[in-house]
Participant: 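Here it is: the structure, laid out below.
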Amino acid sequence: MSLTTRLPGLMLNNPVMPASGCFGFGKEYSPFYDLSELGAINVKAATGEARFGNPTPRVAETSSGMLNAIGLQNPGVEKIIEEELPFLRSYDTPVIANVAGSTVEEYVKVTKALNRSKDIAALELNISCPNVKEGGVQFGTDPSLAKEVTYKVKEASDYPVYVKLSPNVSNIVEMAKAVADAGADGLSMINTLTGMQINLKQRKPIIANKTGGLSGPAIKPIAIRMIYEVRQALNISIIGMGGISTAEDVLEFLLAGANAVAVGTANFQNPLVCPEIINDLPSVLKQYGFDSVEDAIGKGHV
Amino acid sequence: MSLTTRLPGLMLNNPVMPASGCFGFGKEYSPFYDLSELGAINVKAATGEARFGNPTPRVAETSSGMLNAIGLQNPGVEKIIEEELPFLRSYDTPVIANVAGSTVEEYVKVTKALNRSKDIAALELNISCPNVKEGGVQFGTDPSLAKEVTYKVKEASDYPVYVKLSPNVSNIVEMAKAVADAGADGLSMINTLTGMQINLKQRKPIIANKTGGLSGPAIKPIAIRMIYEVRQALNISIIGMGGISTAEDVLEFLLAGANAVAVGTANFQNPLVCPEIINDLPSVLKQYGFDSVEDAIGKGHV
Amino acid sequence: MITKQLLKINSHMQIAEDTFEVVVQSPLAKELKPGQFVHIALPNHMLRRPVSVAGIDTQAETFTIIFKIFGEGTRELSKYQAGDTLDVILPCGTYYPIDQLAIDQALIVGGGIGVPPLYYLAKTLKENGVKVTSVLGFQSKDQIFYEEKFQVLGDTYIATNDGSYGTKGFVTDIIDEINPTFDYFFSCGPTPMLKAVSHQLAGYNGYISLEERMGCGVGTCYACVVPLKQDPKQSKKICKDGPVFSANEVILS
Amino acid sequence: MITKQLLKINSHMQIAEDTFEVVVQSPLAKELKPGQFVHIALPNHMLRRPVSVAGIDTQAETFTIIFKIFGEGTRELSKYQAGDTLDVILPCGTYYPIDQLAIDQALIVGGGIGVPPLYYLAKTLKENGVKVTSVLGFQSKDQIFYEEKFQVLGDTYIATNDGSYGTKGFVTDIIDEINPTFDYFFSCGPTPMLKAVSHQLAGYNGYISLEERMGCGVGTCYACVVPLKQDPKQSKKICKDGPVFSANEVILS
Ligand SMILES: Cc1cc2nc3c(=O)[nH]c(=O)nc-3n(C[C@H](O)[C@H](O)[C@H](O)COP(=O)(O)OP(=O)(O)OC[C@H]3O[C@@H](n4cnc5c(N)ncnc54)[C@H](O)[C@@H]3O)c2cc1C
Ligand SMILES: Cc1cc2nc3c(=O)[nH]c(=O)nc-3n(C[C@H](O)[C@H](O)[C@H](O)COP(=O)(O)OP(=O)(O)OC[C@H]3O[C@@H](n4cnc5c(N)ncnc54)[C@H](O)[C@@H]3O)c2cc1C
Ligand SMILES: Cc1cc2nc3c(=O)[nH]c(=O)nc-3n(C[C@H](O)[C@H](O)[C@H](O)COP(=O)(O)O)c2cc1C
Ligand SMILES: Cc1cc2nc3c(=O)[nH]c(=O)nc-3n(C[C@H](O)[C@H](O)[C@H](O)COP(=O)(O)O)c2cc1C
Ligand code: FES
Ligand code: FES
């Protein structure tokens with residue numbers, strides 16, 4: 001059973017990769033299994049300079065989900081290129097770098113820096129982080145800003161660019177079209193939905209940043225719907241994510257139109273979730289009558 | 001311990017009411033308990049003429065939630081006034097009628113009809129139903145349309161008007177402001193988020209309408225966030241809803257800024273959920289140091 | 001009157017492949033009529049699962065349900081044991097109106113998990129002196145249950161899709177073959193079967209029992225509607241106006 | 001090496017109000033050092049719960065945890081029984097670096113659910129020939145556990161917030177009173193206590209163990225950071241670089 005899936009600039013042995021921000025730069029999960037088993041690895045967001053992120057608490061648990069407001073903490077793109085990415089060289093797995101910023105200039109700066117690295121295979125343009133005051137999500141909710149930043153990043157990059165969309169919009173197709181028009185090679189969807197939990201004892205939001213991004217199985221129906229809608233409207237490669245924790249979930253995303261998938265929150269519950277899903281995938285595909293991963297892509301459309 | 005809560009045109013014995021569409025017109029739950037125990041009752045949406053709704057299946061189960069695409073099935077506002085509302089007269093509970101439509105004219109027609117009824121205490125203007133092709137949700141995602149329909153309905157109504165907002169927007173505060181400007185007496189928030197589930201065997205969306213509205217505990221963090229944001233920006237009464245199933249949940253909504261709450265999906269799991277919550281509420285308020293319901297409203301803001 | 005109860009499971013056993021028979025203790029058991037269902041809550045599931053009543057024991061105050069593992073919820077239900085507690089809404093829905101019918105001979109046509117309510121019906125008919133002929137369809141031999149119990153009530157014919165037992169094919173093949181005489185037929189099973197049976201027996205009086213995904217199960221949410229033949233713009237609720245309908249009342253899809 | 005295991009619970013018992021001691025079988029038990037924690041998955045909860053190791057038995061290949069019911073997850077954990085299986089990531093985090101320290105006398109300062117890891121630490125110190133003085137704070141008499149076990153290891157003083165046992169007040173009141181001599185102090189407990197203790201013992205060498213809400217528990221998600229005194233723009237991860245820190249390394253808030 002072939003698990004291979006082809007996306008612009010990426011030829012993946014299987015469609016399953018950890019999602020950005022949920023896997024660091026790979027090191028911490030490397031004792032648990034051989035990272036070469038992964039289809040790809042989405043590493044943590046990089047910004048132009050080091051960012052300390054938001055105050056703690058940064059996470060909360062919700063029904064079938066979690067909130068996070070890490071605030072893009074990272075050592076800055078140069079340190080990431082020097083100190084983090086080389087570790088992943090020893091694995092036979094494409095690395096997708098996640099590009100974040102507050103301004104178009106910062107996005108371009110990060111892109112240019114990453115463009116010099118030989119340790120990555122693609123960029124994921126994160127215009128959807130809801131947890132930082134400046135930048136991030138406003139690029140992801142305004143089609144013209146999204147278009148502009150995509151265009152500029154595309155211009156600065158020799159690597160394929162996947163634009164990561166925010167679900168906090170009325171019209172996801174409009175956003176997808178805007179970035180596709182600007183030359184995006186593919187889409188990553190979805191990032192988290194903005195949410196909040198209030199601590200009854202302390203009478204204030206649990207997350208110090210007040211709001212955080214909702215992820216996990218709770219949001220899966222929203223992810224599936226958005227991917228389905230975009231796939232109906234556009235012919236563009238999609239890396240799907242949002243609440244995946246089983247091989248059946250992966251198949252649901254493939255049917256909705258994803259060409260590959262990313263697993264985020266589920267890694268925290270089960271560090272072995274990615275290899276377990278990859279292991280289960282052939283029998284699940286077979287059970288539902290598919291010959292290969294590529295055979296299933298988009299087949300949920302009627 | 002006082003559970004009373006005052007909202008424009010509504011003086012409720014307690015803040016808990018069933019949510020529109022999850023309680024029919026009350027009759028079916030009346031064998032389970034005395035409906036007079038409820039703070040209020042939000043009845044099912046009324047449209048100008050009878051609507052058959054969407055094809056079945058109309059519901060699906062998700063992680064900590066459900067999808068529905070009923071499609072506003074109802075016998076039309078006149079029949080509702082004649083045949084459904086009189087049943088609730090015998091209970092000592094204010095009835096909030098839910099007004100839906102495809103056009104501003106239809107909203108106004110329904111409002112005018114309801115204005116003649118003596119069996120209701122307030123209107124809930126539903127501009128957020130994601131499950132009908134025409135009308136409904138586009139009014140709930142476009143501030144100027146929302147403003148217009150609110151203004152016209154307000155003009156036609158002697159009852160207080162609560163506008164039910166859709167969470168499928170980038171900027172909930174903008175929507176809230178638009179309808180507040182147009183004279184809304186209060187807000188109901190939130191309606192469902194648009195989602196989808198795909199049946200792996202049948203290779204198509206489970207819900208015949210393809211997409212459905214996501215409700216239940218899965219969406220609670222989104223509801224809390226939106227209510228909190230609106231409460232920060234505006235001084236307007238809010239009926240909060242989205243995933244409530246316990247008295248602790250009710251307190252969380254009060255802290256976020258809701259003046260009263262509605263319970264939807266949880267009724268399906270436990271038909272006694274509303275009276276059970278009402279019963280638990282005094283001890284939960286006490287446990288967290290509150291003297292009354294009104295004492296807790298908005299106290300989660302820092 | 002409809003109510004929600006926490007009920008003890010008296011026995012829980014597997015009776016065929018993926019198929020379980022559960023006996024539940026309830027003071028309301030005697031109020032459950034053939035065709036009615038109970039609506040079962042499962043921990044960590046938003047929606048209840050509707051399951052038909054397959055029999056009652058008035059003396060012991062118990063009722064029986066039979067279910068097959070279909071998805072997550074029924075899989076969870078299969079792990080329950082005697083002594084565990086079930087959260088149940090009951091009685092739900094309408095029943096076969098046999099007390100209002102003049103019946104001498106009844107034809108029972110069931111498929112798969114449509115068979116359980118028909119057992120309760122057939123037993124009640126037999127107790128009322130009605131001659132019962134049962135035609136039951138299953139996917140395969142391993143999935144057959146209650147054959148002997150039906151045989152005690154009258155002539156019983158079995159079809160399996162794969163031919164591993166009885167007639168290879170569908171219940172309609174058996175009906176063609178045996179050409180039974182009856183006043184009323186009663187059918188429950190997958191919609192394609194109900195359609196075929198209704199079509200085949202179009203000239204006869206009959207009742208069918210429908211399935212649909214449910215929200216509330218009590219008639220408030222309009223999840224489970226079925227359009228009416230008389231006027232397809234009108235509908236009835238399967239959970240409340242059904243699950244039992246006169247065979248030519250509703251449009252099957 | 002860090003790994004995920006399904007482990008059997010050997011015993012599970014209540015030892016104080018809302019407080020439970022659980023002994024877990026694991027071949028890795030002997031690798032767990034004082035200060036380290038295990039990260040426990042709970043069905044139907046997205047996030048694991050971090051709980052400190054309160055002791056190990058090398059022979060029996062078991063480790064002990066002690067937890068108090070705080071919210072939903074610990075309430076669920078309190079319902080487990082001997083024989084049940086726990087899904088655990090272990091070993092997690094750093095440990096008190098006692099092998100690298102020259103200690104003759106140690107002061108142990110623990111509060112509430114900060115006490116369990118300190119018992120394991122105190123026991124190990126004692127085994128290494130260190131004189132141990134323990135000052136433990138609890139909310140009230142009913143919540144006290146392991147007092148006798150600490151007494152076996154050295155002088156032990158108890159404070160309760162409500163004065164229902166021992167000194168009324170805080171651990172810092174006892175430290176003021178007894179004015180202990182020690183080379184190093186080791187503290188674990190609620191952050192306000194850690195702040196007070198670090199302040200009071202500012203002139204001494206010491207190690208503290210921190211708590212924070214965690215996502216991954218293994219160092220990937222940056223949920224659990226604590227800023228460094230040296231440069232508040234720098235931080236360390238409590239799950240990986242901690243939970244044990246030198247007392248003057250981090251900024252408590
Ligand atoms: C009136 C009525 C009586 C029934 N009687 C029986 C019976 O006696 N024995 C038996 O084995 N089954 C019976 N069923 C079918 C049974 O309800 C489904 O098999 C069961 O709900 C599947 O749940 P699941 O969690 O295993 O499947 P999942 O697919 O995981 O369930 C997901 C959701 O879909 C719903 N769903 C899926 N299939 C059906 C279905 N066929 N009908 C209704 N809802 C469905 C579930 O209730 C749940 O809400 C009856 C259904 C109805 C409507
Ligand atoms: C390194 C470390 C060691 C610990 N050792 C112990 C121990 O030995 N014994 C013990 O009783 N407790 C210990 N705790 C605290 C314990 O983790 C929390 O009491 C527990 O997570 C609360 O979970 P809950 O589901 O009961 O609470 P809920 O409030 O329902 O939990 C909701 C979320 O908040 C998190 N959370 C809530 N309080 C805390 C907290 N104080 N620290 C970290 N996360 C929290 C939960 O893990 C969960 O993700 C330790 C914490 C850490 C970080
Ligand atoms: C703790 C945490 C940190 C995240 N950080 C990032 C990030 O740095 N960049 C990014 O594009 N997405 C980030 N995300 C979003 C995920 O990559 C993913 O889009 C989202 O969580 C939905 O997938 P899931 O439900 O499988 O977690 C983060 C998510 C979590 C939970
Ligand atoms: C089956 C169903 C039908 C609904 N019908 C309506 C409706 O007619 N009008 C309306 O304003 N909201 C309707 N809603 C939305 C609910 O009133 C409520 O806003 C939403 O479900 C969130 O609350 P919950 O999570 O408690 O269910 C419906 C929800 C469900 C689940
Ligand atoms: S399931 Fe709600 S009306 Fe039938
Ligand atoms: S909990 Fe993820 S880095 Fe510490």
Side-chain angles (χ1 to χ4, degrees), chain B residues 18 20-33 43-45 49-75 199-201 206-208 212 214-218 243 245 264-273 276, chain C residues 1-6 28 31 39-50 70-74 76 87-93 190-191 210-228 231-242 250-253:
Chain B
S20 180
C22 303
F23 209 71
F25 298 96
K27 213 171 282 169
E28 290 81 7
Y29 284 113
S30 67
F32 287 94
Y33 59 91
V43 295
K44 172 105 197 113
E49 306 299 328
R51 290 220 197 165
F52 179 69
N54 293 319
T56 57
R58 292 179 172 185
V59 293
E61 190 178 61
T62 71
S63 294
S64 298
M66 69 176 281
L67 294 170
N68 90 79
I70 307 299
L72 295 181
Q73 177 167 3
N74 80 94
N199 188 315
L200 305 183
K201 283 182 219 166
I206 288 193
I207 303 246
L214 181 63
S215 61
S245 71
T265 306
N267 290 289
F268 303 158
Q269 202 176 41
N270 176 10
L272 299 168
V273 68
E276 284 177 8
Chain C
M1 197 164 78
I2 192 163
T3 166
K4 178 174 103 76
Q5 302 202 307
L6 294 179
L28 291 181
E31 296 185 18
H39 210 30
I40 303 175
L42 293 166
N44 310 310
H45 284 274
M46 284 311 298
L47 299 179
R48 289 173 177 260
R49 273 34 180 190
F70 177 80
E72 276 183 62
T74 45
E76 200 147 315
D87 176 340
V88 183
I89 294 178
L90 80 176
C92 297
T191 307
L210 303 186
E211 279 182 21
E212 186 50 81
R213 284 171 192 257
M214 292 185 174
C216 64
V218 302
T220 67
C221 77
Y222 292 88
C224 66
V225 297
V226 56
L228 302 185
D231 174 4
K233 290 270 147 216
Q234 300 280 325
S235 66
K236 288 198 167 179
K237 296 170 187 164
I238 291 173
C239 69
K240 176 115 177 141
D241 309 319
V250 291
I251 301 175
L252 299 173
S253 60

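FYI, side chains are in, hydrogens and waters are out, and symmetry mates aren't considered; it's all heavy atoms of this structure. Proteins come first, then strands; the chains are lettered A, B, ... in the order of their sequence lines, and each starts at number 1.
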Participant: What are the two closest heavy atoms between B:Glu28 and C:Val218, and how far apart are they?
Facilitator: CG-O, 3.1 Å
Participant: Is C:Gln234 in contact with chain B via its backbone, its side chain, both, or neither, using a 4.5 Å heavy-atom distance?
Facilitator: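 For C:Gln234, backbone heavy atoms alone lie under 4.5 Å from chain B.
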Participant: Under a 4.5 Å heavy-atom cut-off, does chain C meet the side chain of B:Ala50, its backbone, both or neither?
Facilitator: neither
Participant: Indicate the atoms forming the closest heavy-atom contact of C:Met46 with B:Thr62, along with that distance.
Facilitator: CG-O, 4.4 Å
Participant: If I measure from the heavy atoms of chain B, does C:His39 come under 4.5 Å with its side chain, its backbone, both, or neither?
Facilitator: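 Interface part for C:His39: neither.
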Participant: Show the numbers, then the answer: is there a side chain to side chain contact (heavy atoms under 4.5 Å, CB included) between B:Arg58 and C:Val225?
Facilitator: CA-CA 9 Å; B:Arg58 292 179 172 185; C:Val225 297; 3.3 Å; yes
Participant: Name the option with the most non-hydrogen atom pairs under 4.5 Å to chain C; the candidates are B:Pro31, B:Ala266, B:Gly21, B:Ser63.
Facilitator: B:Pro31
Participant: Top residue by heavy-atom pair count (under 4.5 Å) with chain B, among C:Ala41, C:Gly73, C:Gly215?
Facilitator: C:Gly215
Participant: Applying the salt bridge (Lys or Arg N to Asp or Glu O under 4.0 Å) test to B:Glu61, which of C:Arg213, C:Arg48, C:Arg49 qualifies?
Facilitator: C:Arg49
Participant: If I compare all heavy atoms of C:Thr220 with all of B:Phe23, which pair ends up nearest, and what's the gap?
Facilitator: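 What the structure gives for the nearest pair is CB-C, 3.7 Å.
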Participant: Given side chain to side chain contact (heavy atoms under 4.5 Å, CB included), test B:Gln73 with C:Lys237 step by step and report yes or no.
Facilitator: CA-CA 12 Å; B:Gln73 177 167 3; C:Lys237 296 170 187 164; over 6 Å; no
Participant: Mind listing the closest non-hydrogen atom pair of B:Pro271 and C:Ile89 along with its distance?
Facilitator: CG-CD1, 3.3 Å
Participant: Given heavy-atom pairs under 4.5 angstrom as the criterion, report whether the side chain, backbone, both or neither of B:Tyr33 touches chain C.
Facilitator: neither
Participant: Locate the shortest heavy-atom distance separating C:Pro227 from B:Phe52; write the atom from each residue and the value.
Facilitator: CB-CZ, 4.0 Å
Participant: Which one, B:Gly216, B:Ala60, B:Ser64, B:Gly53, leads in non-hydrogen pairs under 4.5 Å with chain C?
Facilitator: B:Ser64
Participant: Ignoring hydrogens, what is the shortest heavy-atom contact between C:Cys221 and B:Phe268? Give both atom names and the distance.
Facilitator: CB-CZ, 3.6 Å
Participant: Which atoms of B:Lys44 are under 4.5 Å from chain C, going by heavy atoms: the side chain, the backbone, both sets, or neither?
Facilitator: side chain
Participant: When heavy-atom pairs shorter than 4.5 Å are enumerated against chain C, which of B:Asn267, B:Leu272, B:Asn270 gives the highest number?
Facilitator: B:Asn270
